[in-house]
Structures are given as C-alpha cells and as structure tokens.
Amino acid sequence: MDYQLIIKFWRKSLADEAFLTVIEGKLKEALGDAVELEGYDVSSKEINLFMLASDPRHSFRRAKDVVEGLGVLNGMSAAFRVAGGAQFTSLWPPRATRKFKLP
C-alpha cells in the first residue's frame with residue numbers, strides 16, 4: 001500500500017461522533033482488503049479518516065458510494081498522497097478551489 005487516502009468530514013455536516021463507527025464499518029465492508037484503515041483524528045471543525053491504499057482513486061470511488069449513501073457527500077473532501085509524503089492530490093470535491101490540508 002503505497003498511498004495514504006484521507007477523507008475529511010466537516011463536523012457541522014455530521015449529526016454526532018457515532019457517525020465514525022458507522023462509516024468505518026461500512027467502509028470495511030465495501031473496500032475489504034483494498035485499503036487498510038489507519039484511524040482518524042478529530043478536531044473541533046473536522047474529522048479526518050486515514051486509509052492506506054494501492055490504488056487511491058479506485059478506493060475513493062468505492063468509498064464515495066458509501067458516503068453518498070449516508071447522505072454526507074456534500075460535507076466532505078478527499079485527497080491522497082504518497083505514504084509519508086507532503087504533497088496532496090485532491091479527489092473531492094471536483095475542481096476544488098482550495099488546497100487540501102491537514103490541521
């Protein structure tokens with residue numbers, strides 16, 4: 001797994017933190033061995049979910065279906081980078097106007 005895929009959820013778009021347990025279970029179900037869930041970090045404004053993936057674009061397309069099914073697609077952004085790297089490649093939203101960054 002050469003890449004780290006990060007999905008960022010904006011806190012104001014989520015009902016509560018119990019969402020993390022639900023999304024994690026659904027992503028494991030949908031993605032199987034294609035990714036390794038690394039965990040998440042939580043701040044007052046956002047929740048970042050970290051995954052290792054061999055093909056981050058394909059893994060994101062599958063994860064996006066899960067997020068869309070939960071109704072929070074508009075409250076997220078996503079990007080990937082080479083594992084351990086600093087340069088992000090934005091995946092969502094399309095044509096993002098600002099750079100993806102971690103707190």
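Computed from a predicted model, the values in this text were never measured in an experiment.
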Locate the shortest heavy-atom distance separating Val66 from Ala30; write the atom from each residue and the value. CG2-CB, 3.5 Å
Would you name the heavy atoms of Pro93 and Ser90 that are closest together and state the gap between them? O-OG, 4.4 Å
Shortest non-hydrogen separation from Ser59 to Leu5 and the atoms involved: CB-CD2, 4.1 Å
Pairwise distance CD1(Ile47) to CG(Leu20) - rounded to 0.5 angstrom: 4.5 Å
Pair listing, salt bridge (charged side-chain N to carboxylate O under 4.0 Å, His left out) test, anchored in residues 30-55, at least two apart: Lys8-Glu46
Does some side-chain heavy atom of Val42 sit less than 4.5 Å from a side-chain heavy atom of Arg11? yes
Measure the spacing between CG of Leu27 and CG of Leu37 and express it to the nearest 0.5 Å. 6.5 Å
Would you give the length of the straight line joining atom CG of Asp2 to atom CG of Leu52, rounded to the nearest 0.5 angstrom? 9.5 Å
Spatial distance of atom CE (Met51) from atom OH (Tyr40) [nearest 0.5 Å]: 13.5 Å
Residues pairing under salt bridge (charged side-chain N to carboxylate O under 4.0 Å, His left out) where one sits in residues 57-77, two or more places apart or in two chains, turn out to be none
Close side-chain approach of Trp92 and Leu73, heavy atoms under 4.5 Å: yes
Among residues at least two apart in sequence or on other chains, which ones pass ring-ring contact (aromatic ring centres under 6.0 Å, His included) with Phe88? Phe100
Would you call Leu102 and Ile6 a side-chain contact if the rule is heavy atoms closer than 4.5 Å? yes
Can you find a pair of side-chain heavy atoms, one from Asn48 and one from Phe9, that are under 4.5 Å apart? no
Determine whether Val67 and Ile23 make a side-chain contact, defined as any pair of heavy atoms from C-beta on separated by less than 4.5 Å. yes
What pairs meet the side chain to side chain donor-acceptor pair (under 3.5 Å) rule with one or both residues in residues 72-89, with sequence neighbours excluded? Gln4-Arg81
If you look only at pairs with a residue in residues 41-86, which of them pass as a ring pair (Phe, Tyr, Trp, His ring centres under 6.0 Å), with sequence neighbours excluded? Tyr3-Phe80
Smallest separation among heavy atoms of Leu31 and Ala63, with atom names: CD2-N, 4.1 Å
